[in-house]
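Report on the following structure.
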Amino acid sequence: MNAAEAPGEVRFRRSRRRTLLYAAGGVPVATATAWLTVRLLFGTAAADPFPNLLIFLLTAVGGYVQAQRQIGLPLLLTGNQIVLTCPGGGSLAIGWDNLAVAEVRGRIAPILVLEPADPGRTRPVLSRWEWGRNGLWNQSRAQRPHEIRVPLYGLTPGAGRLRAELAGRRRSATASGVQEANPAGPPAPPGPGR
């Protein structure tokens with residue numbers, strides 16, 4: 001995935017500036033939540049700044065660790081496939097017609113969720129729980145055997161743009177796939193007892 005992209009290709013990557021802005025917004029929120037919790041539980045604000053600084057430090061370190069464990073970025077959307085970066089540094093290509101689920105979930109902490117319809121058609125072939133083993137406590141932990149979850153902290157050009165690109169490309173791939181695969185119309189539903 002080089003810097004020169006072909007027409008119709010969109011590359012998404014992690015931006016250091018956006019990641020720092022995300023962390024800079026999260027740390028004060030965590031500190032204020034901790035201060036408010038202490039205030040409500042004990043009835044008085046703690047005069048000692050150490051607990052607040054400790055929470056501030058733990059939040060900053062936790063955010064840094066989570067950012068380092070993120071996988072899947074950079075990713076490239078082409079006319080016929082989506083290409084993700086694997087945990088080992090290689091790439092995983094999934095065709096648009098092979099995606100059962102392709103969506104961005106969440107607004108504050110967006111996550112790209114992909115699930116191939118046929119894992120044998122991905123390049124390289126996706127084995128069961130291959131992406132589910134990544135991360136013990138982070139959000140890339142998969143819930144289904146072939147599900148791929150990619151946290152999108154600090155994504156550039158942005159999660160909104162990725163949502164729009166996925167919707168447009170999935171719609172066009174589905175429309176052309178339906179016309180080619182079944183020109184006679186939808187299949188008949190199964191009979192009773194099957």
Next on the checklist: Does L84 form a side chain to side chain contact (heavy atoms under 4.5 Å, CB included) with L114? I'd like the steps, not just the answer.
Outcome noted: CA-CA 10 Å; L84 299 161; L114 301 171; 3.5 Å; yes

Next on the checklist: So, using side-chain hydrogen bond (donor to acceptor under 3.5 Å, both in side chains) as the criterion, who are the partners of T156 when residues are at least two apart?
Outcome noted: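 Listed in chain order: nothing, the list is empty.
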
Next on the checklist: Taking side-chain hydrogen bond (donor to acceptor under 3.5 Å, both in side chains) as the definition, give me every residue that meets it alongside E115, ordered by chain and number, with sequence neighbours left out.
Outcome noted: R144

Does the side chain of [Y] come within less than 4.5 Å of [X]'s, by heavy atoms?
| X | Y | result |
| --- | --- | --- |
| S91 | T85 | no |
| L162 | L75 | yes |
| P116 | L126 | yes |
| I148 | L112 | no |
| V125 | R123 | yes |

Write down the atom of [X], the atom of [Y], and the distance for their closest heavy-atom approach.
| X | Y | value |
| --- | --- | --- |
| A93 | Q81 | CB-OE1, 3.4 Å |
| L92 | P124 | CD1-O, 3.3 Å |
| R149 | I111 | NH2-CD1, 3.9 Å |
| A102 | L99 | CB-CD1, 3.9 Å |

Item to check | Expected output: side-chain T122 to main-chain I94 donor-acceptor under 3.5 Å | outcome: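 Pair absent, no side-chain N/O of T122 close to backbone of I94.
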
Item to check | Residues in salt bridge (charged side-chain N to carboxylate O under 4.0 Å, His left out) contact with R13, at least two apart in sequence or another chain | outcome: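 Partners of R13 under the salt bridge (charged side-chain N to carboxylate O under 4.0 Å, His left out) test: none.
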
Next on the checklist: Using the salt bridge (charged side-chain N to carboxylate O under 4.0 Å, His left out) criterion, which residues pair with E103? Sequence neighbours excluded.
Outcome noted: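 Listed in chain order: R105.
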
Next on the checklist: Between E9 and R11 (salt bridge meaning N to carboxylate O under 4.0 Å), is one present in this structure?
Outcome noted: no

Next on the checklist: Rounded at 0.5 Å granularity, tell me how far CG in N80 sits from CG in D97.
Outcome noted: 8.5 Å

Checklist entry - So how far is it from W96 CH2 to I82 CD1, rounded to the nearest 0.5 Å? => result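 Reported to 0.5 Å precision, the distance equals 4.5 Å.
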
Checklist entry - Taking only residues two or more places apart in sequence, or in another chain, which ones meet D118 in a side chain to side chain contact (heavy atoms under 4.5 Å, CB included)? => result N98, R121

Checklist entry - Residues in side chain to side chain contact (heavy atoms under 4.5 Å, CB included) with R161, at least two apart? => result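 Once residues adjacent in sequence are excluded, the partners of R161 under the side chain to side chain contact (heavy atoms under 4.5 Å, CB included) criterion are V10, F12, P157, E165.
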
